[in-house]
There are 2 protein chains.
Amino acid sequence: MGRVSIKDIASKIGVSTATVSLVLNGKDKLGRVSEQLSKKIRETAKSMNYKPNGFAKALRSGRSETIGLVVADISNPFFAHLAFHIQEHADRYGYSVIITNTNESPKKMEKMVSILKYRQVDGFIIVPTENGSRCIEELHENKIPVVLLDRYFPEIPSDYVGVDNFHASMKATEHLLKLGCKKIALITYKTTLRHAQERRDGYVSALAGCDLYDSRLIKEVNHSTIVEDINRSVQELILGDNKIDGFFFTTNTISSIGLKKLKEMQINVPEDIKTVCFDKIESFDFSTIPFVQQPIPEMGKQAVDIVVDRIRNGNPSPVHIELKAELIV
Amino acid sequence: MGRVSIKDIASKIGVSTATVSLVLNGKDKLGRVSEQLSKKIRETAKSMNYKPNGFAKALRSGRSETIGLVVADISNPFFAHLAFHIQEHADRYGYSVIITNTNESPKKMEKMVSILKYRQVDGFIIVPTENGSRCIEELHENKIPVVLLDRYFPEIPSDYVGVDNFHASMKATEHLLKLGCKKIALITYKTTLRHAQERRDGYVSALAGCDLYDSRLIKEVNHSTIVEDINRSVQELILGDNKIDGFFFTTNTISSIGLKKLKEMQINVPEDIKTVCFDKIESFDFSTIPFVQQPIPEMGKQAVDIVVDRIRNGNPSPVHIELKAELIV
DNA sequence: CTGAAAGCGCTTACAG
DNA sequence: CTGAAAGCGCTTACAG
């Protein structure tokens, strides 16, 4: 037995494929098909175990009911959780999700977007890499729905879902101040990505407010040489003249590496030095370390809602959603 | 401008779509199409920025060049890493991967498999849930290539890629013995899944070998009530009459929760009690805790290799691959 | 209320 | 060496 098609159902009952299609797509109301026939078709389809062919549908209708998700690295817990919630939520709308990784490379991002375009995804949810704006603009030019997630390019108006990085970072830094820290170091990525700058700005604002800002306490690290860069930065900061008493790590990865280095140097947290970080690091043992908790399920939900809305209803003016992130102490 | 199709190229050059298709699929050798025309077609396709329509291709050929991946939970680092490597490797073959989650529910597994079937994936890579064998058998009956990953059902012969759980667990337990432990507890899932039993058997064998086996030291926990179950088990074991001096945790999740509980109880690891676990837990601070390291990239690669081979060359007798897992101390 | 027919973009026997 | 044509399974104007 081959696969059951709409034609098989039609010929079995003795009606046209058009009628079957109509019924099976729920377009039989509005005085189209008689209640009786409609029921018969539905029952026959079920009994024959009919499954629609997605490709034929997609080819004909131009829609694939698939969303392309582009993240930096699915094995990073932050993105893995985002992906999880995006899938769960997309599932409710009947959309599948194809997940791809960029490893923070704009080249790879272009490649993945192109693969997903080839797969005819109806829309994109993208965590863009640095220097990846061209790729996003192209999507816009082609009128393909895309919502940026976590990061955005201020120069190109797009739908975006993220958190209020500035205030979250400010709160995080203020927390260290409240604990009595006077010399708070920042370790962040060297990047032009706006969300990273916002985190930095939040830190700067908090410190500038009480005259504790010192640019020498800011260390920027490169994604490609992250371990060495962080190790060197932490070492310099700790062994230098400034008596560092606090650290703000701007991502979970930076946090993990930084804390490890501190441990290696036999610096106890939080006894010798206080720290706070952005995103949870997957370690029960540091559950005592305060961190900025992004509302991951909500971020995923919003991103899906928007992209599905764009797919179905076209592209009005883009929305820029900044959710609140909570400091968990 | 609409999308460029094979027809556009054909009419622009003045040849048939058949010829264009032949050339663009690399079937122009063997004295089919003249070198010159072939070149012209290729160049024109490129200049017109032709992208083949995947759905038309899939509809016509019956192949989607997509692999369906079914895991328990993409936000678990073990599966996230597996997914990452599966994608990277599948990409080399030109296959996309759709990832779905089951949350260890056979119901959800059936649903996901059915969604992926609807998406017409060419083959499956599945980390099956308990009681999920029926679903796998159905795939077999329908001659759809499927390779099981991490877990398998001994009663149904299928392609499978996993690790040698028995010996890995034995080694892990022996490590604790070498450290001088006499009362080693096991915390594992209450499940009929064979790989979990193998881990248990490895533990039992190691202990039985030196007459230290004591069934009261084995605690089984349920997936749905895992935190309470582990907390209770650890507490009972520690506060009971047996002077537990070692723990073997059979998964990363169990490990995390167990270690957390130990910390809560102010038991120091490894001073007061030694532990070893299966899979790495994402915590730099416990880098000192020995763990069984599964060869995740290799597992992903093998699974992809097999499923692609099955898709392309049909289904000979199934292979059962058990890779070695290393104990990292 | 229902059917005949075109067409989405491709591949693949078949004929020349 | 190349083309005309059928057909994959569906949807959707159009006609009745």
| Dot-bracket pairing map - DNA chain D, Watson-Crick plus G-U, both contacts under 3.5 Å, | cross-strand | |||.||||||||.|||

| message | List the residues meeting ring pair (Phe, Tyr, Trp, His ring centres under 6.0 Å) with A/F78, not counting sequence neighbours, and say none if there are none. | response | none

| To the nearest Å, how far apart are A/D8 CG and D/dC10 C1'? | 13 Å

| query | Expressed in angstrom and rounded to an integer, what is the separation of B/L22 atom CG from C/dA13 atom P? | reply | 11 Å

| said: Can you tell me if B/S16 touches the phosphate of D/dG3, counting only side-chain N or O atoms and a distance under 4.0 Å to OP1 or OP2? | reply: yes

| query | Within this structure, what is the CG-to-C1' distance between A/L24 and D/dG9, rounded to whole angstrom? | reply | 13 Å

| said: Just to verify, what does A/F55 make a ring pair (Phe, Tyr, Trp, His ring centres under 6.0 Å) with, not counting sequence neighbours? | reply: B/F55

| query | How many Å lie between CZ on A/R63 and C1' on D/dT11, as a whole number? | reply | 10 Å

| Can you name the residues that form a side-chain contact (heavy atoms from CB on, under 4.5 Å) with B/E298, not counting sequence neighbours? | B/P295, B/K301, B/Q302, B/L323

| More than 12 non-hydrogen atoms from neighbouring residues, nucleotides or ligands closer than 6.0 Å to CZ on B/R312, yes or no? | yes

| said: With a 4.0 Å limit, can you tell me whether A/T19 has a side-chain N or O closer than that to the phosphate oxygens OP1/OP2 of C/dG3? | reply: yes

| Once you round to the nearest 0.5 Å, how far does CG of A/L22 lie from OG of A/S38? | 9.5 Å

| Rounding to a whole Å, what distance do you find between B/N25:CG and C/dG9:P? | 17 Å

| message | Going by ring-ring contact (aromatic ring centres under 6.0 Å, His included), name the pairs with one or both residues in residues 83-113 of chain A, residues two or more places apart or in two chains. | response | A/H89-A/Y93

| When all nucleic acid strands are considered with a 4.0 Å heavy-atom cut-off, which category describes A/G14: base, sugar-phosphate, or nothing? | sugar-phosphate

Mind listing the N/O atom pairs, protein and nucleotides 6-8 of chain C, below 3.5 Å?
| from | atom 1 | to | atom 2 | distance (Å) |
| --- | --- | --- | --- | --- |
| C/dG7 | N2 | A/R60 | NH1 | 3.0 |

| said: Using whole Å, what does the distance between atom C1' of nucleotide C/dG9 and atom CD of A/Q120 come to? | reply: 10 Å

| task | Please name all residues satisfying ring pair (Phe, Tyr, Trp, His ring centres under 6.0 Å) with A/Y152, sequence neighbours left out, ordered by chain then number. | result | A/Y160, A/H320

| field | Gap between atoms CD1 and P, on B/I9 and C/dG9 respectively (whole Å) | value | 12 Å

| B/S5, nearest nucleotide to its side chain (from C/dT2, C/dG3, C/dG9) | C/dG9

| B/I6 side-chain proximity, nearest of C/dT11, D/dG3, D/dT11 | C/dT11

| task | Please report, rounded to the nearest Å, how far the C1' atom of D/dG9 is from the OH atom of A/Y50. | result | 7 Å

| remark: Residue set satisfying side-chain contact (heavy atoms from CB on, under 4.5 Å) with B/Q36, at least two apart, ordered chain then number -> B/S34

| field | Residues in salt bridge (charged side-chain N to carboxylate O under 4.0 Å, His left out) contact with B/R194, at least two apart in sequence or another chain | value | none

